[in-house]
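Lettering follows sequence order; numbering is per chain, from 1.
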Amino acid sequence: MSIGLARLREEPERIRQGAIDKGEDPSIVDAALALETRRRELLGESDQLKAERNSASRQIGEAIRAGAAPTGPEVAALRKASTDAGTQIERIDAELAAAETQLEELMVRIPNPADPDVPVGDESANQVVRTWGEVLPKDVTANGVQWTRRPHWEVAADLKMFDLERGAKITGSGFPVYTGPGSRLQRSLIDMMLDIHTGEHGMTEIWPPAMVNAASARGTGQIPDKEDLMYIVTRDELYLVPTAEVPVTNLHRDEIFEADQLPIRYAAYSPCFRREAGAAGKDTRGILRVHQFDKVEMVFFEKPEASTEALEWLTSRAEVILQRLGLAYRVLLMATKDMGFVQAKKYDLEVWAPGVERWLEVSSCSNFRDYQARRMAIRYRPEPGAKPELVHTLNGSGLALARTVAAILETYQQEDGSLIVPEALKPYMKVDRVVR
RNA sequence: GGAGAGGUCGCCUAGUGGCCUAGGGCGCCGCACUGGAAAUGCGGUAUAGCGCAAGCUAUCGAGGGUUCAAAUCCCUCCCUCUCCGCCA
């Protein structure tokens, strides 16, 4: 469950409206509410009976210690009382377990209500909140010479930066092989991003496992919701991570922080594996949609009162990377029906790729409020000794590599077929230009 | 992969069927003592659910079983450590 039973009881209207805004069925909220009432009744009865049974058992021990015969009538009566309670407990607990299972099934289908400042509607209601950089044209006229920017796969083939055919041979389509300067570019981008996030933004670097267990996949909601998205190693019950969000957020599952430990801000590189089921035929050329790519992910654990501002900062940290790379981009505030089930507010960063003349999503920055934290039981003490409260979690790419690479190739390609290395990458690439 | 040892309240540890409703130490918090501190003494110190409250219920790695009653006995699984094997 993810929105919390207390909140369900306290503000069912807001939750019902939240479901409607996200295009989900609001009747689930009413069904859950009714089931929750029933659950509490059963729980009360069960607790009462358990108290009776415990009391009878305790009295048997006391009676025997006081000298009563273990087979005598006094003990027999107590034993019967305990057994009778036990029989009823069995019955009620079975009913209770059924109610809880049902309730949980309903609760996971209730979405996290969007923040009040999120536009209501489908993707047509998404708002462009800002753009940065020059949106380059495909056709270029410079110094009287006319040429046309090519799509990234042509630039890459020309400069031998990646090899999609051989990737398909050794693994399958959608598994690119980066070669020579292409491989070096991957390494440089990861290095540069981590350097900026740790050195300038004060985040702690994490290098997580690329596979997680079922409990972790459940924690961030990959199962059961998005099971089709993931590659699953059934023999060992492990899941290849679709994003570093999964291992990194789960780092603190079932933990309680002290207030002075927050915020905790991580930057993590990981490869990302996505089956992309149902996406066959879309973006089949180049590296815009692949099954394995690399990404630096930012994951924040914040005090509730700080999370609104933290999302703005998180988003701006992803923008810093695009700015350093000199890539034109825009920031979209996603509307309720386009933002996802668990997010309260989400910004997408789209980079301009002049070769394919498209905006490419390279980052998605979200505030989950306490929705994820509840599922994973990540809490903190507002004051020393105080009752633990849920933290707020946020995450955002900073950035996903494959599409960033595509934008770099298409933005920095030259008329002569070479590629200028963006200023910020030169110290990592060790060259100013990639040539044939 | 094999053999052995072990997983208890933040940490260490006691606990082999019923005053364990989990004891002790460390750490931490409060109070006392002090000019201030150390030392010392007293008290407090897990999480969740239910209840106006007193309190009740659950949790001793996880799950199941035996029993009137399980931290304790039985079964399955997970993890950690030591040794061996294999191996980047």
Check whether any side-chain nitrogen or oxygen of [X] sits under 4.0 Å from OP1 or OP2 of [N], and answer yes or no.
{"X": "A:Lys387", "N": "B:A48", "value": "yes"}
{"X": "A:Arg381", "N": "B:U47", "value": "yes"}
{"X": "A:Arg379", "N": "B:A48", "value": "yes"}

What's touching nucleotides 85-88 of chain B from the protein side, N or O pairs under 3.5 Å?
none

Anything under 3.5 Å between a protein N or O and an N or O of nucleotides 8-12 of chain B, put it in a table, one pair a line.
none

Taking [M] as the reference, what is the distance to [N] when you measure between their [atom1] atoms (whole Å, please)?
{"N": "B:A38", "M": "B:A54", "atom1": "C1'", "value": "42 Å"}
{"N": "B:C73", "M": "B:A3", "atom1": "P", "value": "22 Å"}
{"N": "B:G4", "M": "B:C75", "atom1": "P", "value": "14 Å"}
{"N": "B:G23", "M": "B:C74", "atom1": "C1'", "value": "27 Å"}
{"N": "B:G15", "M": "B:G61", "atom1": "P", "value": "15 Å"}
{"N": "B:G65", "M": "B:A70", "atom1": "P", "value": "12 Å"}
{"N": "B:U13", "M": "B:C68", "atom1": "P", "value": "36 Å"}
{"N": "B:U45", "M": "B:C56", "atom1": "P", "value": "15 Å"}

Qualifying residues under side chain to side chain donor-acceptor pair (under 3.5 Å), relative to A:Thr411, sequence neighbours excluded:
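Applying side chain to side chain donor-acceptor pair (under 3.5 Å) to A:Thr411 gives none.
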Whom does [N] pair with, Watson-Crick or G-U wobble, provided both distances fall under 3.5 Å?
{"N": "B:U66", "value": "none"}
{"N": "B:G23", "value": "B:U13"}
{"N": "B:A39", "value": "none"}
{"N": "B:A5", "value": "B:U80"}

Set of ring pair (Phe, Tyr, Trp, His ring centres under 6.0 Å) partners for A:Phe301, sequence neighbours left out:
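Only A:His252 meet the ring pair (Phe, Tyr, Trp, His ring centres under 6.0 Å) criterion with A:Phe301.
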Show each protein N/O and nucleotides 77-81 of chain B N/O combination with a separation under 3.5 Å, one pair to a line.
none

Considering only NZ, NE, NH1 and NH2 on the basic side and carboxylate oxygens on the acidic side, decide whether A:Glu302 and A:Arg265 come within less than 4.0 Å.
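A:Arg265 and A:Glu302: salt-bridged.
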Are the charged groups of A:Arg109 and A:Asp25 less than 4.0 angstrom apart, N to O?
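Not counted as a salt bridge, because no side-chain N and carboxylate O are separated by less than 4.0 Å.
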Its contact letters, B for base, S for sugar-phosphate only and - for none at protein heavy atoms under 4.0 Å, make nucleotides 50-56 of chain B read SS----S
